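In this text, all values refer to a predicted model and were calculated from it rather than measured experimentally.
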Amino acid sequence: MTRVRRGYIARRRRTKIRLFASTFIGAHSRLTRTATQQKMRALVSSHRDRGRQKRDFRRLWITRINAAARENIVFYSYSKFMHNLYKKQLLLNRKILAQIAISNKNCLYMISNKISK
């Protein structure tokens with residue numbers, strides 16, 4: 001029986017996995033089986049952390065707005081500040097409010113005066 005030459009498909013798949021895992025440390029970047037396992041683990045982590053990142057940034061923005069609102073002594077808390085924003089239909093999202101709180105506190109103070117009247 002003659003010898004059958006295998007195709008390049010398996011080699012191409014392993015090369016693709018090794019390219020993905022090239023920055024991993026030790027055997028995780030060299031051995032195909034462990035590289036495949038680490039690739040799956042990395043993809044699971046990245047998928048999970050995309051959702052977690054959104055939550056973390058929202059928490060950060062809320063913390064910054066709360067600190068700036070308490071500093072101004074116009075509203076005593078973040079929740080009252082946001083409640084008054086929605087009552088006056090000033091629909092600014094938390095990301096923009098947090099940037100205003102950091103860069104220009106006078107502008108946040110003007111907004112809080114506007115909604116308190």
Side-chain angles (χ1 to χ4, degrees):
M1 190 175 231
T2 57
R3 178 179 167 270
V4 177
R5 289 177 58 196
R6 294 294 307 264
Y8 58 91
I9 295 167
R11 186 171 63 246
R12 194 169 56 184
R13 187 185 69 240
R14 289 187 202 112
T15 306
K16 199 161 44 172
I17 290 169
R18 286 209 182 97
L19 280 173
F20 183 89
S22 63
T23 58
F24 297 167
I25 296 172
H28 298 307
S29 66
R30 291 187 197 93
L31 304 179
T32 304
R33 185 179 294 170
T34 54
T36 306
Q37 291 170 353
Q38 284 303 113
K39 179 184 175 183
M40 287 191 303
R41 186 181 174 126
L43 292 173
V44 165
S45 296
S46 68
H47 180 261
R48 181 195 61 225
D49 291 338
R50 276 196 296 273
R52 192 170 285 174
Q53 184 185 33
K54 293 174 181 65
R55 282 178 291 196
D56 289 343
F57 270 108
R58 186 181 168 97
R59 283 178 60 191
L60 175 69
W61 298 331
I62 288 172
T63 305
R64 287 176 175 172
I65 296 166
N66 191 19
R70 288 176 189 271
E71 220 174 74
N72 283 338
I73 314 174
V74 176
F75 297 110
Y76 297 107
S77 68
Y78 162 82
S79 60
K80 289 180 185 174
F81 179 68
M82 293 306 286
H83 177 68
N84 287 332
L85 269 177
Y86 277 96
K87 270 201 315 195
K88 294 288 184 177
Q89 293 181 342
L90 271 171
L91 301 176
L92 294 169
N93 63 10
R94 286 158 183 83
K95 181 179 180 179
I96 299 299
L97 283 171
Q99 286 177 348
I100 290 171
I102 290 174
S103 63
N104 194 356
K105 291 185 180 176
N106 292 336
C107 185
L108 191 72
Y109 185 72
M110 287 166 47
I111 292 170
S112 61
N113 283 340
K114 182 92 170 168
I115 61 176
S116 65
K117 292 178 183 174

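Both Leu90 and Tyr78 are part of a single hydrophobic cluster, where members link through side-chain heavy atoms under 4.5 Å apart. Following chains of ILVMFWY side-chain contacts shorter than 4.5 Å, one can reach Ile100 starting from Tyr86, so the two form part of one hydrophobic cluster. Ile96 and Ile102 sit in two unconnected hydrophobic clusters of ILVMFWY residues. Membership requires side-chain heavy atoms under 4.5 Å apart, directly or through other members.
Note: Leu97 CG to Asn66 CG = 12.5 Å, rounded to the nearest 0.5 Å. The CD1 atom of Ile17 lies 9.0 Å from the CE atom of Met40; values are rounded to the nearest 0.5 Å. With rounding to the nearest 0.5 Å, the separation of CE in Met110 from CG in Asn106 is 8.0 Å. Gln99 contributes atom CD, which lies 8.5 Å from atom CG of Asn93 (distance to the nearest 0.5 angstrom).
Residues satisfying the side chain to side chain contact (heavy atoms under 4.5 Å, CB included) test with Ser29, not counting sequence neighbours, are Phe24.
You'll find the side chain of Met82 reaches within 4.5 Å of the side chain of Arg94, heavy atoms only. Between Leu91 and Leu85, the closest side-chain pair of non-hydrogen atoms is not below 4.5 Å. Counting heavy atoms from C-beta on, the side chains of Leu108 and Phe81 come closer than 4.5 Å. Between Phe20 and Leu43 the shortest side-chain heavy-atom distance falls below 4.5 Å.
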Side chains of residues 49-65: which donor-acceptor partners sit under 3.5 Å, not counting sequence neighbours?
residue, atom, partner, partner atom, Å
Lys54, NZ, Arg50, O, 3.3
Thr63, OG1, Arg59, O, 2.7

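Around atom CZ of Arg6, no more than 12 heavy atoms belonging to other residues, nucleotides or ligands sit under 6.0 Å away.
Between the side chain of Asn84 and the backbone N or O of Ile115, no donor-acceptor pair lies under 3.5 Å.
Sorted pairs that involve residues 7-20 and meet salt bridge (Lys or Arg N to Asp or Glu O under 4.0 Å), not counting sequence neighbours, are lacking altogether.
Here the closest heavy-atom approach between residue Arg70 and residue Ser77 is recorded as NH2-CB, 3.8 Å.
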